[in-house]
Undergrad: 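My questions will all concern the structure given below.
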Amino acid sequence: MEATRQERVERRRGRISRRREGTEGGFDYSLLLLTFVMLGFGMLMIYSSSSYTAQIKSGDSTYFLKKQAFNVAVGAVGMLVAIKFKYKYFIKPIPFLHMRFVTLIYLICVSLQVLVLVQGGGLNGANRWLNLGVVSFQPSELTKIGIIIITAYYLYEMPRKFSSTKTLVRVFVPVSLPLLLVAYQDLSSAIVIFIIAYGMCFMDVKNKMPLIILALIVLFLAYLYVFHIGSSFRADRIEIWKNPEGHPKGLQIVHGLYAIASGGLFGSGLGESMQKLGFLPEPYNDMIFSVICEELGLIGAGIVIVMFILLCWRIYRIASRCTNLFPALICTGVMIHIASQAIINIAVVTNTIPSTGIPLPLISYGGSSVIFLMMEIGIVLGISANTDTSGGRNERT
């Protein structure tokens with residue numbers, strides 16, 4: 001009897017240990033912990049980079065910190081709801097609407113993007129915010145979630161007999177409408193949305209040649225849009241990227257590079273940034289990585305990059321353990337979203353690519369970005385808890 005009881009205890013300890021290590025299914029506490037560590041670090045850096053600007057504008061050095069804390073609290077509620085929402089409900093019909101939930105999400109995303117066009121105006125001169133009176137938010141952030149779920153659904157439902165070309169057509173025809181609506185308002189977010197859908201297809205289809213042809217076509221169309229069809233300010237960003245010091249609008253990039261260069265290996269110390277003192281515009285937004293480099297040095301920047309790698313790795317582990325293709329594709333889409341935004345943001349700050357206005361996930365200041373991104377991670381956490389992750393092959397069921 002005692003030996004049997006001891007064996008049960010040992011087996012239970014083994015299961016707990018395997019779950020912590022990620023070798024057995026179950027709620028991924030490591031992903032949850034890592035997410036809130038990054039959120040906490042982001043709030044710390046938002047306070048450090050925004051305190052000077054906040055003191056001048058509002059008389060309260062914690063103004064932006066308080067707003068971000070509220071955003072994180074709202075995001076935490078959204079994350080909890082997403083965790084409890086089982087992924088199977090996305091593809092189940094809604095009886096009184098006679099449509100699947102994924103179709104409803106698609107219609108909501110398209111409708112919100114149309115409303116942004118009808119409303120006009122925008123925040124800081126950008127027509128990408130939807131003002132609902134009480135609250136303003138960027139529908140493009142919700143559209144990113146919608147594209148992940150919609151693309152996962154279409155790939156999941158695609159018969160195996162379909163060729164890669166036919167699969168791409170069936171996926172990108174419905175995806176193209178919200179993609180084009182977002183591109184008309186915010187090309188940067190449209191690029192991320194395309195990368196998400198493209199990356200998910202790349203992971204699923206066997207023949208990659210149609211994807212390569214599609215990428216070349218999109219690059220050509222983007223060239224036409226930036227230099228010949230779209231607004232002149234997009235071509236202006238290319239000129240800023242090529243010669244930031246000689247361009248009158250290149251001061252943000254120049255001072256961001258100054259911040260990175262002055263940080264050295266260990267940085268000037270937390271809160272000791274000089275570039276945030278009126279030289280670097282809105283350092284708590286898209287350029288927050290430059291302040292991290294200045295205050296925490298190459299070591300701090302490296303730790304941030306490692307945290308993103310670990311975050312994506314945990315999501316990948318959840319995807320790889322799913323025996324059903326649909327949740328695996330959702331996790332893949334979230335991973336691609338986080339990785340692409342982090343890479344683009346860091347590339348912009350280091351002037352590797354032209355400025356895009358993409359925030360650093362979970363770290364940059366912003367309500368829409370952090371709230372909807374936390375909801376995405378909540379969906380992944382819900383998949384880790386609710387799907388069968390005992391192993392096996394990802395199948396269309």
Undergrad: Taking the side chain as everything from C-beta on, heavy atoms only, tell me whether Val182 gets closer than 4.5 Å to Gln113.
TA: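 Yes, close enough: below the 4.5 Å cut-off.
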Undergrad: Do Val81 and Leu142 belong together in a cluster built from hydrophobic side chains that touch within less than 4.5 Å?
TA: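 Each belongs to a different hydrophobic cluster.
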Undergrad: Do the non-hydrogen side-chain atoms of Asp286 and Gln252 ever get within less than 4.5 Å of each other?
TA: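 Answer no - side chains too far apart.
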Undergrad: Locate the shortest heavy-atom distance separating Pro139 from Leu112; write the atom from each residue and the value.
TA: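 Of all heavy-atom pairs spanning Pro139 and Leu112, the closest is CB-CB, 3.8 Å.
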Undergrad: For side chain to side chain contact (heavy atoms under 4.5 Å, CB included), just list the numbers for Met200 and Ile147, CA-CA rounded to whole Å, side-chain angles, deciding distance to a tenth of an Å, and then say yes or no.
TA: CA-CA 10 Å; Met200 292 173 70; Ile147 290 297; 5.9 Å; no
Undergrad: Honestly curious: do Ile343 and Trp313 fall in one hydrophobic cluster under the side-chain, below-4.5 Å linking rule?
TA: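 They do not share one cluster, since no chain of ILVMFWY contacts under 4.5 Å joins Ile343 to Trp313.
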Undergrad: Identify whether Met203 and Ile213 are in the same connected component of the hydrophobic contact network (ILVMFWY, side-chain heavy atoms under 4.5 Å).
TA: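 Met203 and Ile213: separate clusters.
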Undergrad: Could you tell me if the side chain of Tyr106 sits less than 4.5 Å from the side chain of Pro178, heavy atoms only?
TA: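 Yes, close enough: below the 4.5 Å cut-off.
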Undergrad: Strictly below 4.0 Å, N to O, side chains only: are Asp28 and Arg317 in salt-bridge contact?
TA: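 Salt bridge flag = no for Arg317 with Asp28.
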Undergrad: From Asp186 CG over to Ser140 OG, what is the distance, rounded to the nearest 0.5 angstrom?
TA: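 OG of Ser140 is found 5.5 Å from CG of Asp186.
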Undergrad: Any donor and acceptor pair, going by atom type alone, linking the side chain of Arg100 with main-chain N or O of Lys92 inside 3.5 Å?
TA: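 Judged by distance alone, no pair lies under 3.5 Å.
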Undergrad: Using a 4.5 Å cut-off on heavy atoms from C-beta on, say whether the side chain of Phe279 contacts that of Leu251.
TA: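 Side-chain contact under 4.5 Å: no.
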Undergrad: Do the side chains of Phe172 and Cys201 get nearer than 4.5 Å, heavy atoms only?
TA: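 In contact.
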Undergrad: Tell me the closest heavy-atom pair linking Ile379 and Ile145, and the distance in Å.
TA: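 Shortest heavy-atom contact: CD1-CG2, 4.3 Å.
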Undergrad: Walk me through whether Tyr47 and Ser61 qualify under side chain to side chain contact (heavy atoms under 4.5 Å, CB included).
TA: CA-CA 8 Å; Tyr47 173 69; Ser61 61; 3.9 Å; yes
Undergrad: Per the side-chain hydrogen bond (donor to acceptor under 3.5 Å, both in side chains) rule, what does the pair list look like for residues 336-347, sequence neighbours excluded?
TA: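 Qualifying pairs: Lys144-Gln341, His337-Gln341, His337-Glu376.
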Undergrad: Taking Asn351 for the side chain and Ala347 for the main chain, is one N or O donor matched with an acceptor at less than 3.5 Å?
TA: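 Between the backbone of Ala347 and the side chain of Asn351 there is no qualifying donor-acceptor contact (under 3.5 Å).
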Undergrad: Looking at Ile338 and Cys312, what are the two nearest heavy atoms and their distance?
TA: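 Scanning both residues completely, I find the closest heavy atoms to be CG2-SG, 4.2 Å.
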Undergrad: For residues 255-268, which side-chain N or O atoms pair as donor and acceptor with protein atoms under 3.5 Å away, sequence neighbours left out?
TA:
from	atom 1	to	atom 2	distance (Å)
His255	ND1	Gln275	OE1	2.8
Ser262	OG	Tyr258	O	3.0
Ser262	OG	Ala259	O	3.0
Ser268	OG	Glu294	O	3.1

Undergrad: State yes or no: are the ring centers of Phe85 and Phe90 separated by less than 6.0 Å?
TA: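 Between Phe85 and Phe90, the centre distance is under 6.0 Å.
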Undergrad: Determine whether Tyr29 and Phe27 satisfy the following criterion, ring pair (Phe, Tyr, Trp, His ring centres under 6.0 Å), listing intermediate values before the conclusion.
TA: CA-CA 6 Å; Tyr29 290 99; Phe27 189 87; 4.9 Å; yes
Undergrad: Side chain to side chain donor-acceptor pair (under 3.5 Å), that's the test. Do Asp60 and Thr62 meet it? Break it down for me.
TA: CA-CA 5 Å; Asp60 180 7; Thr62 62; 2.8 Å; yes
Undergrad: Distance under 6.0 Å and angle within 45° of the ring axis: does Lys208 meet both against Phe202?
TA: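 Output yes; distance and angle both within limits.
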Undergrad: With a 6.0 Å cut-off on ring centres, are Tyr89 and Phe101 close enough?
TA: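 No, they do not, as the ring centres are separated by 6.0 Å or more.
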Undergrad: Which atom names give the shortest non-hydrogen contact between Ile212 and Tyr198, and what distance separates them?
TA: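 For Ile212 versus Tyr198, the nearest heavy atoms are N-OH, 3.8 Å.
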Undergrad: Side chains of Met45 and Leu270: closer than 4.5 Å at any heavy-atom pair?
TA: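 When only atoms from C-beta onward are counted, Leu270 and Met45 do touch, with a gap below 4.5 Å.
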Undergrad: Can you list the steps and then say if Tyr63 with Thr53 is a side chain to side chain contact (heavy atoms under 4.5 Å, CB included)?
TA: CA-CA 9 Å; Tyr63 174 76; Thr53 304; over 6 Å; no
Undergrad: Would you say Phe70 and Phe36 are hydrophobically clustered, going by side-chain heavy atoms of ILVMFWY under 4.5 Å?
TA: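 Yes, it is one cluster - the side chains of Phe70 and Phe36 are joined through contacts under 4.5 Å.
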Undergrad: Just distance, no hydrogens or angles: give the donor-acceptor pairs under 3.5 Å from side chains in residues 357-368, sequence neighbours left out.
TA:
from	atom 1	to	atom 2	distance (Å)
Ser364	OG	Asn285	O	3.0
Ser364	OG	Leu360	N	2.8
Ser368	OG	Gln138	N	2.9

Undergrad: Quick one: pull up NZ in Lys67 and OH in Tyr284 and give me the separation to the nearest 0.5 Å.
TA: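 OH of Tyr284 is found 9.0 Å from NZ of Lys67.
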Undergrad: I would like to know whether Met274 and Leu277 meet side chain to side chain contact (heavy atoms under 4.5 Å, CB included); could you show each step before the answer?
TA: CA-CA 6 Å; Met274 293 297 296; Leu277 304 178; 4.1 Å; yes
Undergrad: Is it the case that Ser48 and Glu295 place a side-chain donor and acceptor less than 3.5 Å from each other?
TA: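 The criterion, which ignores hydrogens and geometry beyond distance, is satisfied for Glu295 and Ser48.
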Undergrad: Restricting to non-hydrogen atoms, name the atom on Gly199 and the atom on Ile336 that form the minimum distance, rounded to 0.1 Å.
TA: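 Residues Gly199 and Ile336, closest heavy atoms: C-CD1, 3.5 Å.
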Undergrad: Just wondering, do Met307 and Phe41 contact through their side chains at under 4.5 Å, heavy atoms?
TA: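 A side-chain contact exists here, since the closest heavy-atom pair is under 4.5 Å.
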Undergrad: Verify, without hydrogens or angle tests, whether Thr151 (side chain) and Ile148 (backbone) share a donor-acceptor contact under 3.5 angstrom.
TA: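 Not a single qualifying donor-acceptor pair exists.
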Undergrad: Mind telling me whether Phe326 and Tyr153 have parallel, tilted or perpendicular rings, with 30° and 60° as the class edges?
TA: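 Taking Phe326 first and then Tyr153, their aromatic rings stand perpendicular (interplane angle over 60°).
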Undergrad: Could you state the interatomic distance from CD (Gln68) to CD1 (Ile46), rounded to the nearest 0.5 Å?
TA: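 Atom-to-atom, Gln68:CD and Ile46:CD1 are 3.5 Å apart.
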Undergrad: With the side chain counted from C-beta on, respond yes when Asp204 and Leu325 share a heavy-atom pair under 4.5 Å apart, and no when they do not.
TA: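 Yes, at least one pair of side-chain atoms sits under 4.5 Å.
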Undergrad: Check Tyr52 against Lys276 and note the closest heavy-atom contact, atom names and distance.
TA: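 Scanning both residues completely, I find the closest heavy atoms to be CD2-O, 3.7 Å.
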